[in-house]
Amino acid sequence: MSELYIRVAEDENEEPMEIPSEDDGTVLLSSVAAQFPGACGLRYRNPESQCMRGVRLVEGVLHAPENEWGNLVYVVNYPKDNKRKMEEIDAASAVKVKRGFQKTSDLIVLGLPWKTSEQDLKDYFSTFGEVIMVQVKRDAKTGNSKGFGFVRFADYETQTKVITQRHMIDGRWCDCKLPNSKVCPDEPMRSRKIFVGRCTEDMTPDELRQYFMQYGEVTDVFIPKPFRAFAFVTFADDQVAQALCGEDLIIKGVSVHISNAEPKHNNIHQLFRNFPGGIASLATQMFGRSQYQSPSSHV
């Protein structure tokens with residue numbers, strides 16, 4: 001008797017696979033399980049009633065319905081618990097695959113000690129996972145560190161873990177975060193200037209400069225006169241400025257809030273928005289005229 005093959009699929013809508021039968025026309029369950037691990041039987045759709053019918057199984061041997069396999073497609077049966085487990089494995093694999101396609105980004109590392117080298121940075125972050133890039137930003141003329149750098153990981157999960165904690169690097173606490181520009185890639189232009197709100201009168205430009213130099217090179221500090229409870233700090237690198245936006249920092253024991261250096265009337269209006277009547281608008285006009293017509297180096 002010539003070898004006969006029957007068509008078997010995991011689902012009715014999937015492409016079937018041909019499974020060999022035995023000399024007596026039966027099919028061994030082990031032959032089916034070899035191609036469909038976990039299989040415990042077969043079923044098929046009856047052409048007349050359109051109902052699913054089970055194939056008779058005796059001691060590991062599958063018998064053809066009405067002694068003829070025909071040209072039907074037989075569907076694999078799985079134990080319910082096993083099928084559920086397989087579905088869970090498939091779902092977990094799908095999540096893993098999805099995560100695998102999430103791209104990593106360059107993370108900015110703020111507050112680096114001046115002595116920290118790129119090798120030091122790589123050695124530290126390699127304890128979390130594979131590092132594919134490190135960079136310490138340096139002054140083009142002097143070669144000195146600017147107090148911040150960048151790191152990129154091969155794995156997205158490692159990146160997420162690193163962002164959620166602070167890091168002690170060369171004896172100093174550093175922050176590692178995703179630059180704002182990565183969150184909003186369509187941002188037309190990033191400012192190198194930040195708006196420092198809730199300042200107190202005893203804060204001097206030199207003190208603000210000294211404080212913010214831990215994050216990167218500071219090119220300008222401006223405190224309006226008369227005093228208006230805010231200041232502007234300009235960095236050499238726009239990524240440092242954007243990374244600080246939204247932070248609350250402690251300077252001389254006072255909590256200050258960092259935001260974008262928005263159009264001038266927006267910042268001043270925000271400071272006076274809780275005042276009654278038309279004071280906010282009046283303040284915007286008064287301060288806007290004096291502040292925003294200052295030389296560009298201070299704006």
Side-chain angles (χ1 to χ4, degrees), residues 1-107 122-134 151-165 176 178 182-183 185:
M1 181 177 179
S2 61
E3 191 173 40
L4 174 71
Y5 286 84
I6 69 169
R7 300 195 299 167
V8 178
E10 200 161 37
D11 187 89
E12 283 188 282
N13 299 320
E14 291 186 3
E15 184 178 353
M17 175 181 288
E18 291 187 334
I19 304 293
S21 67
E22 300 303 302
D23 291 340
D24 60 358
T26 60
V27 174
L28 299 179
L29 180 60
S30 58
S31 297
V32 177
Q35 304 302 322
F36 301 93
C40 64
L42 294 177
R43 66 186 186 276
Y44 65 99
R45 188 172 297 281
N46 184 279
E48 296 179 2
S49 65
Q50 291 301 305
C51 293
M52 296 301 292
R53 284 187 178 181
V55 174
R56 189 159 58 97
L57 174 65
V58 180
E59 296 181 353
V61 178
L62 293 158
H63 296 266
E66 300 178 359
N67 298 318
E68 185 178 351
W69 291 105
N71 200 35
L72 299 173
V73 174
Y74 295 86
V75 180
V76 178
N77 286 338
Y78 292 104
K80 288 185 177 179
D81 291 342
N82 187 55
K83 184 176 181 182
R84 187 180 299 113
K85 185 176 181 181
M86 290 182 67
E87 289 174 348
E88 290 174 355
I89 292 174
D90 289 343
S93 298
V95 171
K96 197 170 183 180
V97 169
K98 184 177 179 182
R99 285 180 178 171
F101 280 103
Q102 287 183 284
K103 295 181 179 180
T104 57
S105 302
D106 292 351
L107 303 180
K122 185 172 184 179
D123 290 344
Y124 173 80
F125 282 112
S126 291
T127 60
F128 293 90
E130 183 183 353
V131 175
I132 58 178
M133 184 280 294
V134 291
V151 61
R152 186 166 190 153
F153 295 94
D155 185 68
Y156 186 82
E157 289 184 355
T158 303
Q159 171 179 302
T160 302
K161 181 180 179 181
V162 167
I163 292 176
T164 58
Q165 58 186 280
C176 191
L178 198 66
K182 297 291 184 182
V183 179

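Starting from 1, each residue takes its place in the sequence as its number. Side chains included, hydrogens not; waters and symmetry mates left out as well; all remaining heavy atoms used.
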Report the distance from atom [atom1] of [X] to atom [atom2] of [Y], rounding to the nearest 0.5 Å.
{"X": "Met133", "Y": "Leu107", "atom1": "CE", "atom2": "CG", "result": "8.5 Å"}
{"X": "Cys176", "Y": "Phe153", "atom1": "SG", "atom2": "CZ", "result": "6.0 Å"}
{"X": "Gln159", "Y": "Thr164", "atom1": "CD", "atom2": "OG1", "result": "11.0 Å"}

Per the ring pair (Phe, Tyr, Trp, His ring centres under 6.0 Å) rule, what does the pair list look like for [range], sequence neighbours excluded?
{"range": "residues 18-37", "value": "none"}
{"range": "residues 41-68", "value": "Tyr44-Tyr74"}
{"range": "residues 8-35", "value": "none"}

Please determine which of Ile19, Ile6, Leu57 meets the side-chain contact (heavy atoms from CB on, under 4.5 Å) test together with Leu42.
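With Leu42 as partner, side-chain contact (heavy atoms from CB on, under 4.5 Å) holds for just one option, Ile6.
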
Considering all heavy atoms, the nearest [X]-[Y] contact:
{"X": "Pro79", "Y": "Gly38", "value": "CD-O, 3.3 Å"}
{"X": "Asp106", "Y": "Arg152", "value": "OD1-CD, 3.0 Å"}
{"X": "Ala39", "Y": "Leu29", "value": "O-CD1, 4.0 Å"}
{"X": "Thr158", "Y": "Phe128", "value": "CG2-O, 3.5 Å"}
{"X": "Arg7", "Y": "Glu18", "value": "CG-CG, 4.4 Å"}
{"X": "Ala9", "Y": "Pro16", "value": "CB-CA, 3.8 Å"}

Could you tell me which residues satisfy side chain to side chain contact (heavy atoms under 4.5 Å, CB included) with Ala154, sequence neighbours excluded, listed by chain and number?
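Partners of Ala154 by the side chain to side chain contact (heavy atoms under 4.5 Å, CB included) criterion, ordered by chain and then number, come out as Glu130, Ile132.
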
Side chains of Met17 and Val8: does their closest heavy-atom pair fall under 4.5 Å?
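Result no, sub-4.5 Å side-chain heavy-atom pair not found.
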
Under a 4.5 Å cut-off applied to non-hydrogen side-chain atoms, are Trp69 and Leu62 in contact?
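SC-SC contact between Trp69 and Leu62 confirmed.
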
Answer yes or no: are there more than 12 heavy-atom neighbours, outside [X] itself, under 6.0 Å from its atom [atom1]?
{"X": "Asp11", "atom1": "CG", "answer": "yes"}
{"X": "Gln165", "atom1": "CD", "answer": "yes"}
{"X": "Glu15", "atom1": "CD", "answer": "no"}

Just to verify, what does Gln35 make a side chain to side chain donor-acceptor pair (under 3.5 Å) with, not counting sequence neighbours?
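Counting only residues at least two positions away or on another chain, Gln35 forms no side chain to side chain donor-acceptor pair (under 3.5 Å).
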
For Arg56, what residues pass the salt bridge (Lys or Arg N to Asp or Glu O under 4.0 Å) criterion, not counting sequence neighbours?
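Listed in chain order: nothing, the list is empty.
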
Taking the side chain from [X] and the backbone from [Y], do they hold a donor-acceptor pair closer than 3.5 Å?
{"X": "Ser126", "Y": "Lys122", "answer": "yes"}
{"X": "Glu68", "Y": "Pro65", "answer": "no"}
{"X": "Thr127", "Y": "Asp123", "answer": "no"}

